Amino acid sequence: LQEVNVQETPSAQFAVKGGAPVNLVLKSGTNNWHGSGLFLRHTSFADADNYFSKSGGPCQPFCSTPFRDMQGTAAIGGPIVKDKTFFFGYYDGQGYAATIPHLATVPTPSEIAQAMNDITTAGLTPTVAGQNLLSFYPAPTDPVTGVVSVRIPAVVNMTNFGVVVDQKIGQKNSITGRYIFGDSTQSAPPTELTGAAVQPASQYKADLFNSVAPTRGQLIGLSETWTISANAALESRLGLSRFSQIIKTNNSIDRKSVV
């Protein structure tokens with residue numbers, strides 16, 4: 001990208017405000033070939049133990065929170081037809097994986113027993129739905145406090161690329177076409193300190209507490225610029241964008257099965 005511009009209060013050329021317009025200006029090719037490349041790798045090899053993983057007390061050998069971030073980018077531009085047609089393209093890929101410590105609280109066995117006793121003392125009977133809902137809670141790491149200590153292996157994979165082609169038509173007209181593509185997948189299933197996936201007491205689904213979010217965005221645009229005079233120009237634009245994100249929650253359970 002050559003320029004990123006965000007207008008919170010858009011000008012009149014964007015008509016009715018439906019959000020903040022984001023203008024992306026891609027680099028253009030020239031008569032000379034040019035490009036760049038970059039690779040970044042960051043791991044937890046020399047990182048200190050996570051403070052929050054140790055703050056709850058002794059955690060060996062599970063104090064470490066593995067981390068890995070690898071990212072590669074490349075760009076290239078040049079002429080297709082000298083002085084007339086140029087192109088520029090880029091690619092960006094990232095693979096991210098990190099283990100995040102987290103504490104949650106669930107009802108303890110004694111709390112559940114006390115609640116059942118209170119219901120019985122009141123001359124009532126626990127409902128089937130209430131008992132089924134309790135079965136979704138995982139067993140606590142500490143049965144006294146009800147604390148569940150988990151490590152969440154978050155994984156994010158992203159792929160992005162774009163290409164722009166410029167065509168000069170005479171001295172006063174030029175046409176530009178561009179295409180941008182972005183794709184990513186995210187997953188973060190919680191695991192116990194032993195590394196096993198956190199499971200509900202019931203067996204509704206093996207990966208009940210995980211959510212997977214595949215995301216894809218695409219943009220295609222075409223613009224024509226006409227230089228009318230030394231102080232006047234006309235630019236016409238046509239664009240189409242598409243965005244898709246599906247939150248695949250694994251806890252989509254048939255409600256009828258609960259009651």
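Just so it is clear, the structure is predicted and the values come from calculations on it, not from any experiment. For the single chain, residues carry numbers from 1 onward in sequence order. Atoms considered below: every heavy atom in the structure, side chains included; atoms not considered: hydrogens, waters and symmetry mates.
- In this structure, F67 and Y96 have perpendicular ring planes: the angle between them is above 60°, well past the 30° mark.
- Between T145 and T105 the shortest heavy-atom distance is O-CG2, 4.1 Å.
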Mind running side chain to side chain contact (heavy atoms under 4.5 Å, CB included) on E224 and S174 for me, showing each step along the way? CA-CA 6 Å; E224 193 271 343; S174 63; over 6 Å; no
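- The shortest distance between side-chain heavy atoms of I175 and I169 falls below 4.5 Å.
- Clustering of Ile, Leu, Val, Met, Phe, Trp and Tyr by side-chain heavy atoms under 4.5 Å joins L234 with W226, I228.
- Donor-acceptor pairing under 3.5 Å is lacking for the side chains of Q94 and N157.
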Decide yes or no on side chain to side chain contact (heavy atoms under 4.5 Å, CB included) for L134 and I112, but give the supporting numbers first. CA-CA 9 Å; L134 277 175; I112 295 175; 4.0 Å; yes
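- Counted by atom type alone, N160 and D183 present zero donor-acceptor pairs between their side chains at under 3.5 Å.
- Side chains of S223 and E235 form a contact here, defined as non-hydrogen atoms less than 4.5 Å apart.
- The shortest distance between side-chain heavy atoms of S184 and T215 falls below 4.5 Å.
- In summary, the aromatic rings of F181 and F161 are positioned with their centroids under 6.0 Å apart.
- A 4.5 Å side-chain heavy-atom check between F86 and V164 finds every atom pair outside the cut-off.
- When side chains are defined from C-beta on, M158 does not count as touching Q71, because their heavy atoms never get closer than 4.5 Å.
- Aromatic ring centroids of F87 and W33 lie under 6.0 Å apart.
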